[in-house]
Protein chains: 2
Amino acid sequence: MMQRTSFDQMPCPVARSLDRVGEWWSILILRDAVYGLTRFDQFAQSLGIAPNMLTRRLKALCEAGLMERRLYQERPARYEYVLTDTGRDFRPVLWTLFAWGNRHLAPEGESVSLVDPETGLPVDPVVVDRRTGRPLSDGVRVVAGPAASPRLRRRFERPIAL
Amino acid sequence: MMQRTSFDQMPCPVARSLDRVGEWWSILILRDAVYGLTRFDQFAQSLGIAPNMLTRRLKALCEAGLMERRLYQERPARYEYVLTDTGRDFRPVLWTLFAWGNRHLAPEGESVSLVDPETGLPVDPVVVDRRTGRPLSDGVRVVAGPAASPRLRRRFERPIAL
DNA sequence: CAGTATCCTGTCCGATACTG
DNA sequence: CAGTATCGGACAGGATACTG
């Protein structure tokens, strides 16, 4: 009996992504890693997470290829946890989550904001198509890709909105 | 004893967002809602989720303000579940999750892809600043916002990368 | 069809104590 | 400092049976 279905085998990239970073703490650990934290202790203090959970989540993030455990000092052996390229590439998700939270869950105004460090002006994250530069909106569709199974291909015979 | 800390009171909008949609199924339900599904049965079949869980997650999403339960037929009473504006506004997160998954978790190629329905050309989601149009990259910083507590303001005295 | 009602299990997570 | 070990509680999630 499974506690939860593994989303890893699902064809949907959203589901697959969730399979890697779906745990509560994982995304916050990633956030702190982007903030520049690298050490066990820093994460523990910043997050107020129990040490055993931190160990588990860090290990999971390493196995998922988002972070890397690196020996930065021998004798005594000391490790730091740094983002891989895959992990750094997760930032767009953090930005959109950040923006959504600020838009909808900050009734008394933003407690933290994104800014451009050079101008100091606020940054408002929008998702656009790299090629056309046009914002994604109602016009985006999901279609079967090159690696789609016949079954999946049938499901997306008619493009579906996302 | 708490099972997990509520992220709702945290000042970080990422944490607050996770408090609303952090459950595994919630995001997949949102995805399916964007796909156009509205009925209990449709969600159940699409997701392969146990009905009691679907009930729970739908209720939570309604309470969180992302979806709305609407009577679409009396006698017998029938309800449909539709996205609110807040819920639709969550799509940028889905897009970036989708793109990340396709970039890093699709070794045999994309099984599904995003396309522009008019041109049929692939869409590659990138996060840019609405004002300048420049892609967010290493240059983005988090600073204390107008509603920041003094404590928070100290933490972000020096802007922090995100 | 659209759920509700039970029951069960896995595990996420917190708390605490302990080690090289 | 950087974790490991152990314990226990809450609940997400699965399976199934049942109802208007």
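All chains are named by letter (A, B, ...) in the order of the sequence lines, taking the proteins before the strands, and each is independently numbered beginning at 1.
Heavy-atom distances under 4.0 Å link DNA chain D to B/Arg56, B/Arg57 of residues 55-64 of chain B, given in residue order. Of the residues in residues 7-25 of chain B, those lying under 4.0 Å from DNA chain D by heavy-atom distance are B/Glu23, B/Trp24, B/Trp25. Within residues 27-40 of chain B, no residue has a heavy atom under 4.0 Å from DNA chain D.
The stretch residues 96-110 of chain A participates, sequence neighbours left out, in these salt bridge (charged side-chain N to carboxylate O under 4.0 Å, His left out) pairs: A/Arg103-B/Asp89. Pairs passing the ring pair (Phe, Tyr, Trp, His ring centres under 6.0 Å) check and including a residue from residues 83-127 of chain A, sequence neighbours excluded, read A/Phe90-B/Trp100, A/Trp100-A/His104, A/Trp100-B/Phe90.
The interatomic distance linking A/Ile49 (CD1) with D/dG3 (P) rounds to 13 Å, in whole Å. Rounding to whole angstrom units, CZ of residue B/Arg4 and C1' of D/dA10 are separated by 11 Å. What separates CG of A/Leu54 from C1' of D/dG3 is a distance of 9 Å, to the nearest Å. Computed from coordinates, the B/Tyr79 OH to C/dG3 P distance equals 8 Å when rounded to whole Å. The nearest whole Å value for the distance from the CD atom in A/Gln42 to the C1' atom in D/dG3 is 15 Å. Remark: C1' of D/dA2 and CG of A/Leu71 are 13 Å apart, rounded to the nearest angstrom. One can place CE of B/Met53 at 17 Å from C1' of C/dA2, the figure rounded to the nearest angstrom. The distance between atom CG of A/Asn52 and atom P of C/dC12, rounded to the nearest whole Å, is 11 Å.
Annotation for B/Gln73: atom CD counts as buried by contact number, over 12 foreign heavy atoms lying within 6.0 Å.
Among the candidates B/Leu162, B/Leu136, B/Val142, the single residue satisfying the side chain to side chain contact (heavy atoms under 4.5 Å, CB included) test with A/Val123 is B/Leu136.
Side-chain proximity of B/Arg78 to C/dC1, C/dG20, D/dG3: nearest is C/dC1. Checked against C/dT16, D/dG14, C/dC1, the side chain of A/Pro51 finds its nearest nucleotide in C/dT16.
Rounding to the nearest 0.5 Å places CZ of A/Arg153 at 10.0 Å from OG of B/Ser111.
B/Phe43 comes within 4.0 angstrom of no nucleic acid atom, judged by non-hydrogen atoms across all strands. Using a 4.0 Å heavy-atom distance criterion, B/Tyr81 is classed as a sugar-phosphate-only contact.
B/Leu83 and B/Tyr79 fall into different hydrophobic clusters, defined by Ile, Leu, Val, Met, Phe, Trp and Tyr side-chain heavy atoms under 4.5 Å apart, directly or through other members.
In this structure a side-chain-to-backbone donor-acceptor pair under 3.5 Å is present from A/Asp129 to B/Asp124. A donor-acceptor contact shorter than 3.5 Å links the side chain of B/Arg91 to the backbone of B/Arg88.
Salt-bridge annotation for B/Arg131 and A/Asp116: absent, with no side-chain N of the basic residue lying under 4.0 Å from a carboxylate O of the acidic one.
When all heavy atoms are compared, the tightest approach of A/Ser46 to A/Leu37 is CB-CD1, 3.7 Å. Contact record, A/Phe40 with A/Leu58: CD1-CD1, 3.9 Å, taken as the closest heavy-atom pair.
Side-chain atoms of B/Tyr81 and B/Arg70 form no donor-acceptor pair, as typed in the model, at a separation below 3.5 Å.
Applying the 4.0 Å criterion to OP1 and OP2 of D/dC1, one finds that A/Tyr72 has every side-chain N and O outside that range. Taking side-chain N and O atoms only, B/Thr5 has no distance below 4.0 Å to OP1 or OP2 of C/dC13.
Between its two ends, the helix from C/dC1-D/dG20 to C/dG20-D/dC1 turns its axis by 40°, counting five pairs per end and rounding to 10 degrees.
Contact check for A/Arg16 versus A/Val14: no side-chain heavy atoms found under the 4.5 Å cut-off.
Figure legend: cation-pi geometry between B/Arg4 and B/Phe7, with NZ or CZ positioned under 6.0 Å from the six-membered ring centre and within 45° of its axis.
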